[in-house]
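So you know, we letter chains A, B, ... as the sequences are listed, proteins then strands, and number each from 1.
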There are 2 protein chains.
Amino acid sequence: MSPRWRSNGNTESVDNYLKAIFYLGGLEECRVSIKALAERLCVAPASVTNMLQKLAASPAPLVEYERHRGVQLSAAGKRRALEVVRHHRLIETFLYRVLDYPIEEVHEEAERLEHFISERFEERIAAKLGHPTIDPHGHSIPTMEGKMATRESILLADVVEDGTFVIESVSDRDAQNLRLLEACGIVPGARMQVSKSASLEGYSVRIGRSSKVFALSCEVALDIRIVRPTK
Amino acid sequence: MSPRWRSNGNTESVDNYLKAIFYLGGLEECRVSIKALAERLCVAPASVTNMLQKLAASPAPLVEYERHRGVQLSAAGKRRALEVVRHHRLIETFLYRVLDYPIEEVHEEAERLEHFISERFEERIAAKLGHPTIDPHGHSIPTMEGKMATRESILLADVVEDGTFVIESVSDRDAQNLRLLEACGIVPGARMQVSKSASLEGYSVRIGRSSKVFALSCEVALDIRIVRPTK
DNA sequence: GCCTAAAATTAGGTATAGCTAAATTGAGTA
DNA sequence: TACTCAATTTAGCTATACCTAATTTTAGGC
């Protein structure tokens with residue numbers, strides 16, 4: 001006799017651990033340290049150790065964990081992480097395109113809702129949106145089967161030679177910053193002229209044909225991915 | 001340093017208690033027994049006592065609770081309950097009208113999501129739907145200010161004389177049943193000829209101009225509200 | 001007024017997911 | 001090799017929200 005509303009088992013925390021391991025592990029899926037996870041999740045390192053031990057001890061473990069050598073997702077864990085990322089990015093796209101959210105508000109709402117929507121909800125919003133592959137921040141949306149397209153972009157922060165680029169994606173984690181970027185026209189798909197300015201400790205950029213120049217700090221440049229123009 | 005995803009305080013259980021007290025108290029807002037609450041929430045009576053004591057002891061209590069004499073919502077509790085009901089019914093309407101959900105699936109999804117949507121989400125779906133006042137099951141949607149329209153309907157189960165009625169609302173709690181009702185055309189707004197049949201221990205009904213007769217049990221009739229046709 | 005049964009409460013226990021503080025481990029340096 | 005220190009783990013604690021079993025209270029019948 002357990003309350004109706006807990007019947008699905010609450011996977012919120014677990015999902016957040018999996019997502020964090022997924023992001024921190026990068027595409028190379030290297031082992032992630034307890035410290036890095038603790039920082040990303042805003043919990044104490046001891047809490048992370050605890051949770052990972054529990055996850056690793058389950059009959060169908062979502063993580064591969066070895067004492068003192070960090071943690072990695074198992075195949076099942078990666079599948080679940082990609083599902084949550086798909087939920088997150090579909091919801092962001094939906095909020096932006098169907099419910100006309102301001103761009104800087106979609107992340108927070110998606111961060112909450114991603115854990116609670118059903119398969120049906122996922123399928124319906126995907127259909128409504130025409131099965132999108134890119135979210136409003138320019139990030140790839142994993143498919144229902146758990147495949148995520150990889151694109152050959154680089155970090156703006158890694159640019160060494162001045163040139164023209166197309167913005168692939170921006171970070172969704174800092175709403176304040178996102179609002180500023182959007183106001184400057186720094187949005188996925190925009191064409192951007194970049195010049196590295198040593199004096200400024202950052203980058204000067206011009207968007208499209210505008211003559212306005214914006215200064216971007218190195219920190220912000222770490223959150224922007226760009227590609228060479230196709231033509 | 002508490003994890004981001006718990007920052008709002010988890011009000012899921014509390015919301016469910018408030019909603020249950022709201023429904024069981026009825027429009028007269030009478031005191032609700034611990035036993036009734038426990039049954040509705042599928043938890044042990046001891047758990048209800050516990051929760052109510054905690055809720056009543058808070059500096060701004062959501063309930064008025066006295067040992068051995070049941071519980072009632074405070075003004076603040078009623079406000080919150082109506083907000084959750086508004087969320088629930090707006091979400092149901094949204095799922096049905098915008099995302100083309102089958103009618104019998106909207107309740108379960110709304111039951112989960114109602115606790116986690118933001119004010120912005122509420123406002124946006126309401127706008128998208130043209131600020132609806134009735135949900136797909138025929139229930140009134142409370143306003144943003146916490147007012148809920150009351151209509152002069154009666155339970156089908158209270159019908160003593162045969163006659164023609166318009167269906168106001170059906171229950172959303174039993175998906176199976178809801179699917180059957182819909183298949184019979186027993187949906188809000190439909191015109192229904194009712195005859196009480198003693199032999200059947202229930203009602204025989206015909207919908208619109210159809211000649212098909214359906215038998216409804218007394219139990220089902222407890223979940224259908226009807227009104228006299230306006231003309 | 002007393003007795004009984006149902007309802008409510010109390011007492012004590014579980015699991016989850018956090019926490020701090022103390023102990024341990026291991027990786028790089030002297 | 002041994003030392004040091006940061007990272008990790010362990011131990012033991014907290015709060016929430018549930019549970020069962022035992023106790024208390026209340027309300028209705030006699």
Side-chain angles (χ1 to χ4, degrees), chain A residues 1-21 24-25 30-59 61-72 84 111-112 115-116, chain B residues 1-21 24-25 30-59 61-72 84 111-112 115-116:
Chain A
M1 181 160 101
S2 121
R4 290 197 175 291
W5 63 88
R6 295 228 175 274
S7 52
N8 282 341
N10 191 346
T11 59
E12 198 183 351
S13 302
V14 172
D15 284 351
N16 282 312
Y17 275 87
L18 297 178
K19 243 190 350 166
I21 300 168
L24 294 172
C30 28
R31 292 183 163 279
V32 173
S33 75
I34 269 69
K35 196 187 173 221
L37 264 177
E39 264 158 23
R40 172 116 188 165
L41 293 168
C42 301
V43 300
S47 306
V48 174
T49 300
N50 248 274
M51 177 63 103
L52 294 181
Q53 285 173 345
K54 249 177 281 183
L55 287 180
S58 114
L62 295 165
V63 299
E64 282 154 27
Y65 164 75
E66 276 178 279
R67 298 165 100 259
H68 294 282
R69 24 191 76 258
V71 68
Q72 236 179 330
V84 180
E111 194 74 6
R112 250 178 301 115
H115 309 290
F116 306 109
Chain B
M1 181 158 101
S2 125
R4 289 198 175 291
W5 62 88
R6 295 226 177 277
S7 51
N8 282 343
N10 192 347
T11 58
E12 198 183 352
S13 302
V14 172
D15 284 349
N16 282 312
Y17 277 84
L18 298 179
K19 242 191 346 168
I21 299 168
L24 294 172
C30 29
R31 292 185 162 279
V32 174
S33 74
I34 270 67
K35 199 192 173 216
L37 265 176
E39 265 158 23
R40 170 113 189 169
L41 293 167
C42 301
V43 300
S47 306
V48 174
T49 301
N50 248 275
M51 178 64 102
L52 294 182
Q53 286 174 346
K54 247 177 285 182
L55 287 181
S58 112
L62 296 165
V63 300
E64 280 154 28
Y65 163 76
E66 275 179 279
R67 298 166 100 262
H68 295 282
R69 23 191 76 257
V71 68
Q72 237 181 329
V84 179
E111 195 74 6
R112 249 178 303 113
H115 309 290
F116 307 110

Would you kindly give the [atom1]-to-[atom2] distance between [X] and [N], to the nearest whole Å?
X	N	atom1	atom2	answer
B:E39	C:dA8	CD	P	10 Å
B:I34	D:dT26	CD1	C1'	13 Å
A:Q53	C:dG18	CD	P	14 Å
A:E66	D:dA7	CD	C1'	16 Å
A:H68	C:dA27	NE2	P	10 Å
A:R31	D:dT8	CZ	P	12 Å
A:K35	D:dC5	NZ	P	16 Å
B:L52	D:dT16	CG	P	15 Å

Determine whether B:V84 and B:T11 make a side-chain contact, defined as any pair of heavy atoms from C-beta on separated by less than 4.5 Å.
no
From A:I34 CD1 over to A:N50 CG, what is the distance, rounded to the nearest 0.5 angstrom?
11.0 Å
With a 4.0 Å limit, can you tell me whether A:S13 has a side-chain N or O closer than that to the phosphate oxygens OP1/OP2 of C:dG18?
yes
Hey, is the side chain of A:Y65 poking within less than 4.0 Å of OP1 or OP2 on D:dT8, counting only N and O atoms?
no
Which nucleotide in the set C:dG18, C:dT10, D:dT20 lies at the smallest distance from any side-chain heavy atom of B:T49?
C:dT10
Whether A:S33 side chain and A:A36 backbone form a donor-acceptor pair below 3.5 Å:
yes
Main-chain N/O of A:G70 paired with A:R31 side-chain donor or acceptor, under 3.5 Å:
yes
I want to confirm an ordering. Mapping A:S47 and A:R67 to their closest nucleotides on DNA chain C, which one lands closer to the 5' end?
A:S47
Between B:R69 and A:N50, which has a closest nucleotide on DNA chain C that is more 5'?
B:R69
